[in-house]
Amino acid sequence: MTIVAQAISFASSHAEAPDDAMREIAAAIGDEPLAGAVVFCSHRFDRLALARAINLATEGTPVIGCTSSGELTRGGYDEGSLSLIGFPSSAFHFVSHCFDDIEAFDPIEAREAVRALAAVADRDSRRLGNAINHIALFLVDGLSHREELLTMTIQDALGDIPLIGGSSGDGLAFRETAIFEGGRFHRRAAVIAILSSPRPMHVFKSQHYQPGERKMVITGAIPHERVVTEINAEPAAQEYLRLAGHAGEALGVAFYAAHPPMVRAGGEYHVRSIQSANPDGSLTFYCAIDEGIVLTVGEPIDRIARMEALFDDIRERIGEVDRIIAFDCVLNRIDAEQRQLGSKVSALYGANRVIGFNTYGEQYHALHVNQTFSGLAIGK
């Protein structure tokens, strides 16, 4: 007798009303028992109504999720939608914990909570077999400025369990994002879920830029606000534009996406994305920043070739792919559209079974990073 492994469920909807959207999704997913689920939603939905609709459709199933700056569905880049990823209980175990006030985040208490969660995951997933893989999915408020502390603390507590995740978004409004857990949306929150399965699972991180020749030194900053006031002892926005741009260009989201500052750390270059230029001439970043840091202006590489190589590597590691749950920076999407690559990237995502959302930042192991395509690949 051949046992057919139940596939990871996925469905999305563009219905205006939350009740209608969840009815469409529930009908598409069917009655297969789920160990847990993840939802990604456009910020356009009324959150109280959406929470009620999710709870009604997923009663008895633990669900986590967040608001997005765009969604990744079957056809690649999407927006204005609600999507749900369901993990069949025949092949997965799923347990979560919410940090519902990250302004008062206590690293000691957090470590204890995460270790307790990992112990539950280890104990209760044994029904699935003797060789179980564990991955931590992490979602955090993308406007909190707390991602670095939380990511480092939680990965430390997880030990050998790798962490992967993304920062919630609200389109490009930068006003309020939300995390879903325990049947409701939370402000200024984060959630971790440990996903356990005998199936092969692999976390990855990739970026579409390389360091160029133009360098700049941060000479003035307000670190707790992620604000840079001076670069090379000049007003930050003015100097960044001079070094990264060309005559006639102006600062804006598309410019930041095309010319991302990069910093060398741990032998690698990582993007430190800019969120906005401020009226006083300063720059606000998505990531932690401080005086004395040397930044290099990033330059694009062949994105399509890099991503094709990445997907080939994923298949070599895990075999046939069931789903790739991706956390793709919103600036990647903006830059792809500016370079008229949006349709090619979407086609590549669709062909490689990529689902997920566009983020305000990505978490990979103990790092909070920007402008990456990161995620979890799960084999069949």
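This is a predicted model, so every value here is computed, not measured.
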Would you find a donor on one side and an acceptor on the other, under 3.5 Å apart, between the side chain of Glu362 and the backbone of Ile164? no

Looking at Arg272 and Cys287, would you say the former's side chain and the latter's main chain have a donor-acceptor pair under 3.5 Å? no

With clusters defined by side-chain heavy atoms of hydrophobic residues (ILVMFWY) lying less than 4.5 Å apart, directly or transitively, does Tyr269 cluster with Tyr364? no

Does Arg44 pair with Glu79 as a salt bridge, N-O distance under 4.0 Å? no

For Asp328 and Tyr349, run side chain to side chain donor-acceptor pair (under 3.5 Å): C-alpha distance rounded to whole Å, both residues' side-chain angles, the deciding distance at 0.1 Å, then the answer. CA-CA 11 Å; Asp328 190 15; Tyr349 285 177; 2.7 Å; yes

With a 3.5 Å distance limit and no angle check, can you tell me whether Arg146 reaches the backbone of Ile102 through a side-chain donor-acceptor pair? yes

ILVMFWY cluster, Val39 and Ile64 together (side-chain gap under 4.5 Å): no

Is Glu239 salt-bridged to Arg242, cutoff N-O under 4.0 Å? yes

How long is the straight-line distance from CD1 of Ile355 back to CZ of Arg74, given to the nearest 0.5 Å? 8.0 Å

Quick one: does Asn133's side chain have a donor or acceptor within less than 3.5 Å of a partner on Arg199's backbone? yes

Is Val114 close to Arg111 at the side-chain level, that is, under 4.5 Å between some pair of heavy atoms? no

Is the closest side-chain heavy-atom distance between His97 and Val191 below 4.5 Å? no

Note, Ile29 side chain near Leu84 side chain (heavy atom, < 4.5 Å): yes

Asn370 and side-chain contact (heavy atoms from CB on, under 4.5 Å): which partner among Phe285, Tyr360, Tyr286? Tyr286

Output the distance between atom OH (Tyr77) and atom CG (Leu72), rounded to the nearest 0.5 Å. 7.0 Å

If you define the side chain from C-beta out and look only at heavy atoms, does anything of Leu172 sit under 4.5 Å from Ile334? yes

Please determine which of Phe45, Phe180, Phe10, Phe357 meets the ring-ring contact (aromatic ring centres under 6.0 Å, His included) test together with Phe40. Phe357

Is there side-chain contact between Ile378 and Leu376, with heavy atoms separated by less than 4.5 Å? yes

Quick check for you: to the nearest 0.5 Å, what is the distance between Ser167 atom OG and Leu143 atom CG? 9.0 Å

Can a donor-acceptor pair be found, under 3.5 Å and without considering hydrogens, that links the side chain of Thr229 to the backbone of Gly220? yes

Polar contact flag, side-chain donor to acceptor under 3.5 angstrom, Thr73-Asp78: yes

I want to check something: taking the side chain as every heavy atom from C-beta on, are Lys205 and His270 in contact at a cut-off of under 4.5 Å? yes

Just checking Glu103: does its CD atom have more than 12 heavy atoms from other residues, nucleotides or ligands closer to it than 6.0 angstrom? yes

Decide, yes or no, whether a salt bridge links Arg317 with Asp313 under the criterion of side-chain N to carboxylate O below 4.0 Å. yes

Would the distance check show the side chain of Ser69 and the main-chain N or O of Gly169 forming a donor-acceptor pair, the cut-off being under 3.5 Å? no

Closer than 4.0 angstrom, basic N to acidic O: yes or no for Asp335 and Arg339? yes

Check the hydrophobic clustering (I, L, V, M, F, W, Y; side-chain heavy atoms under 4.5 Å; chains of links allowed) and say if Ile192 and Leu149 are grouped together. yes

Decide whether Thr151 and Gln363 meet the rule of one side-chain donor and one side-chain acceptor closer than 3.5 Å. no

Please confirm whether Phe373 and Phe204 have ring centers closer than 6.0 angstrom. yes

Side-chain donor-acceptor contact under 3.5 Å, Thr177 with Asp141: yes

Are Ser125 and His134 side-chain neighbours, meaning at least one heavy-atom pair lies under 4.5 Å? yes

Would Ser273 and Gln371 count as having a side-chain donor-acceptor pair, cut-off 3.5 Å? yes

Spell out, as yes or no, whether a donor-acceptor pair under 3.5 Å connects the side chain of Glu71 to the backbone of Ser81. yes

Taking the six-membered ring for Trp and the single ring otherwise, decide whether the centroids of Phe99 and Phe138 are under 6.0 Å apart. no

With a 4.0 Å cut-off on N to O distance, would you call Arg264 and Glu268 a salt bridge? no

Are Glu147 and Arg226 close enough for a salt bridge, meaning some N to O gap below 4.0 Å? yes

Taking atom types as modelled, find out whether Glu24 and Ser12 have a side-chain donor-acceptor pair closer than 3.5 angstrom. no

Nearest 0.5 Å please: distance from the OG atom of Ser374 over to the CG atom of Leu367. 9.5 Å

Using side chain to side chain donor-acceptor pair (under 3.5 Å), reason through Ser96 and Glu181 one step at a time and then give a plain yes or no. CA-CA 8 Å; Ser96 66; Glu181 200 270 348; 3.0 Å; yes

Would you say the side-chain atoms of Thr67 and His43 include a donor-acceptor pair closer than 3.5 Å? no

Nearest-0.5 Å distance, CD of residue Glu291 to CD1 of residue Ile222: 9.5 Å

Candidates Ile289, Ile218, Ile231, Leu241 - the one meeting side-chain contact (heavy atoms from CB on, under 4.5 Å) with Leu283: Ile231

Using a 3.5 Å distance criterion without hydrogens, assess whether the side chain of Asp46 forms a donor-acceptor pair with backbone atoms of Leu48. yes

Arg353: which of Ile325, Ile324, Asp322 passes side-chain contact (heavy atoms from CB on, under 4.5 Å): Asp322

Within the distance-only criterion (no hydrogens, no angle test), does the side chain of Tyr209 pair as donor or acceptor with the backbone N or O of His259 below 3.5 angstrom? no

Flag the pair Ile314 / His202 as yes when at least one side-chain heavy-atom distance between them is below 4.5 Å, and no otherwise. yes

Under 3.5 Å, is there a donor-acceptor pair linking the side chains of Arg315 and Asn352? yes

When you look at CZ of Arg127, are more than 12 heavy atoms from neighbouring residues, nucleotides or ligands closer to it than 6.0 Å? yes

Check whether Gln207 reaches the backbone of Thr372 with its side chain - one donor and one acceptor, N or O, closer than 3.5 Å. no

Is it true that Glu176 and Arg47 make a salt bridge, defined as a side-chain N closer than 4.0 Å to a carboxylate O? yes

Taking atom CE of Met216 and atom OG1 of Thr296, what is their separation to the nearest 0.5 Å? 8.0 Å

